[in-house]
Amino acid sequence: MTAPAAAVVVVGGGFGGLATAWALAERGLRVRVLDRSAPPPEGPAHRAAWTWRRPTVPQNTQSHVLTSLGVRLLRERLPRVYEAVLAAGARPLDLTAAVPATARGFVRQPSDDDLVALAVRRPVLELALYRAVRALPGVEVSHGATVRALELDPAGRRVRAVVTGAGERIEAPVVVDASGRRALSAGWLAAAGVPVAPDATCPNAFRAISRLYRLADPARLPAPLNRGNAAGGIFDHFAAVVHLADNGLFALNFAVLPDDPATDALLTPAGFAAAARITPQVAAWVDERVAAPVS
Ligand SMILES: Cc1cc2nc3c(=O)[nH]c(=O)nc-3n(C[C@H](O)[C@H](O)[C@H](O)COP(=O)(O)OP(=O)(O)OC[C@H]3O[C@@H](n4cnc5c(N)ncnc54)[C@H](O)[C@@H]3O)c2cc1C
């Protein structure tokens, strides 16, 4: 006997696809998530995050921080995931600790309890979400499944199935495109003869280069988080920012212009370290007495 078809097929199992699957399953719908990547490693999230290779999500290794709206949603809607990331070493950051000196007379309000960001490596958070969603009754997550096309009804009005690169046809009364920034469904619809308005996109025109460090003493920050959830600044032709992460880790991230040859040296460990040592607001973080690079 074959399992009944899912009510919704979600293409892509990143944050967007997983959150969609969770929200639909919570309302009692059967959901199948198809992702073209290999499954993540098992084991404690803070360790598995080191070995989770995600060529289909290149920003996976870049520094991320979950801002206060995301933290609030997590606490309210997915408290188990929030608890899991805290247990995995994530660190809540009270954003009111960085109220600028110009905000004279600041008095903390009860609603400021929501002004909390979460310092955690992206794969640690994503693994916690992935495992919570995968465990839900009614959710099936399939890996190595690359969706290549949609099959529509003869009138071209309703979707009937998705077709994978391996030629498998998967029945799908509803399809959610969570394939990431390329939003592949526009091409699939166009190929199926459905007129689609072009997406409005604009390159952000910077190149991000990150490196992870581990603090010798996670309880002592080398310098204040002058930007609330981060330390750093924006300079003439680049930005540098330290994002705290889980388990005494932090990411130092340079954002540079893609066509600036002066910043190519950041791609070497020595060049990256040299730039960090002379950059205000981040130099204190890379002093070898307080932190060592781990990536
Ligand atoms: C440098 C950088 C820094 C960032 N920092 C932050 C931050 O600090 N905080 C923050 O909140 N956000 C940050 N973001 C944004 C964040 O990374 C994205 O918003 C997030 O990854 C989007 O999630 P998604 O699920 O839509 O897409 P993705 O995470 O890209 O996931 C898409 C999934 O779809 C799968 N897929 C793709 N095509 C197919 C297909 N044909 N068939 C099946 N599966 C497919 C992929 O394998 C992947 O798993 C940052 C982004 C960048 C680039």
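Start at 1 with the first residue, then count along the sequence. Predicted model, so just to flag it, every value in this text is computed and none were measured. Both counts, for ligands and for their atoms, begin at 1 and track the order of listing.
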Inset, instruction - Pick, from Val65, Asn229, Asp177, the option with the minimum heavy-atom distance to atom 11 (O) of ligand 1. - result: Val65
Inset, instruction - Identify, by atom number and element, the atoms of ligand 1 in contact range of Leu34, meaning under 4.0 Å from any of its heavy atoms. - result: 43 (C), 44 (N)
Legend entry - ligand 1 to Arg36 polar contact by distance, N or O atoms, under 3.5 Å: yes
Legend entry - ligand 1 to Phe15 polar contact by distance, N or O atoms, under 3.5 Å: yes
Inset, instruction - Go through ligand 1 atom by atom and flag the ones less than 4.0 Å from a non-hydrogen atom of Gln62. - result: 1 (C)
Inset, instruction - Report, in ascending order of atom number, the atoms of ligand 1 lying under 4.0 Å from any heavy atom of Ala145. - result: 42 (N), 43 (C)
Inset, instruction - Kindly say whether Leu184 contributes a backbone atom to a donor-acceptor pair with the side chain of Ser179 at under 3.5 angstrom? - result: yes
Legend entry - Which residue and heavy atom of the protein sit nearest atom 26 (O) of ligand 1, plus the separation: Gly180 CA, 4.0 Å
Legend entry - Whether over 12 other heavy atoms sit under 6.0 Å from Glu76 CD: yes
Legend entry - Which residue and heavy atom of the protein sit nearest atom 34 (O) of ligand 1, plus the separation: Gly12 CA, 3.2 Å
Legend entry - Centroid-centroid under 6.0 Å between Trp285 and Phe250 rings: yes
Inset, instruction - Could you tell me whether Ala178 approaches ligand 1 through its side chain, its backbone, both or neither, with non-hydrogen atoms closer than 4.0 Å? - result: backbone
Inset, instruction - Please write down residue, atom name and distance for the protein heavy atom closest to atom 38 (N) of ligand 1. - result: Leu184 CD1, 3.5 Å
Inset, instruction - Please indicate, with yes or no, if any protein heavy atom is found under 4.0 Å from atom 41 (N) of ligand 1? - result: yes
Inset, instruction - Report yes or no: does Asn229 contribute a side-chain atom to a donor-acceptor pair with the main-chain N or O of Val65 at less than 3.5 Å? - result: no
Legend entry - Nearest-neighbour protein heavy atom for atom 37 (C) of ligand 1, which is reported as residue plus atom name and distance: Ser179 O, 3.4 Å
Inset, instruction - State whether the shortest distance between N or O atoms of Thr56 and N or O atoms of ligand 1 falls below 3.5 angstrom. - result: yes
Inset, instruction - Please work out which of Gln59, Arg54, Arg122 has its closest non-hydrogen atom nearest to atom 29 (O) of ligand 1. - result: Arg122
Inset, instruction - Return the option from Gly17, Gly14, Ser63 holding the heavy atom at the smallest distance from atom 3 (C) of ligand 1. - result: Ser63
Legend entry - Exam field: side chain Thr164 to backbone Val147, donor-acceptor pair closer than 3.5 Å: no
Inset, instruction - Would you indicate whether Arg182, at its atom CZ, is surrounded by more than 12 heavy atoms from other residues, nucleotides or ligands within a distance under 6.0 Å? - result: no
Inset, instruction - State, yes or no, whether a side-chain contact exists between Arg54 and Thr61 at a heavy-atom distance under 4.5 Å. - result: no
Legend entry - Partners meeting ring pair (Phe, Tyr, Trp, His ring centres under 6.0 Å) with Phe272 (sequence neighbours left out): Phe254
Legend entry - Under 3.5 Å donor-acceptor, Asp287 side chain and Arg289 backbone: yes
Legend entry - Residue-ligand contact Gly165/ligand 1, heavy atom below 4.0 Å: no
Legend entry - Heteroatom proximity flag, Val147 to ligand 1, N/O under 3.5 Å: yes
Legend entry - atom 35 (C) of ligand 1 [closest protein heavy-atom partner, distance rounded to 0.1 Å]: Asp35 OD2, 3.3 Å
Legend entry - Ion pair Glu42/Arg134, N-O distance below 4.0 Å: yes
Inset, instruction - Taking only Lys NZ, Arg NE, NH1 and NH2, and the carboxylate oxygens of Asp or Glu, determine whether Arg108 and Asp113 approach each other closer than 4.0 Å. - result: yes
Inset, instruction - Taking only heavy atoms of Thr146 into account, list the atoms of ligand 1 that are under 4.0 Å away from them. - result: 41 (N), 42 (N)
Legend entry - Identity and separation of the nearest protein heavy atom to atom 25 (O) of ligand 1: Gly16 N, 2.7 Å
Inset, instruction - Establish, yes or no, whether the cationic atom of Arg121 lies under 6.0 Å from the six-membered ring centre of Trp50 and within 45° of the ring axis. - result: yes
Inset, instruction - Pick one of side chain, backbone, both or neither for how Val11 approaches ligand 1, counting any non-hydrogen atom pair under 4.0 Å. - result: side chain
Legend entry - Any Val57 heavy atom less than 4.0 Å to ligand 1: yes
Legend entry - Charged N-O contact under 4.0 Å between Glu151 and Arg169: yes
Inset, instruction - Taking the side chain as every heavy atom from C-beta outward, state whether Leu34 and Ile170 have any atom pair closer than 4.5 Å. - result: yes
Inset, instruction - Kindly confirm or rule out an N or O of His64 lying under 3.5 angstrom from an N or O of ligand 1. - result: yes
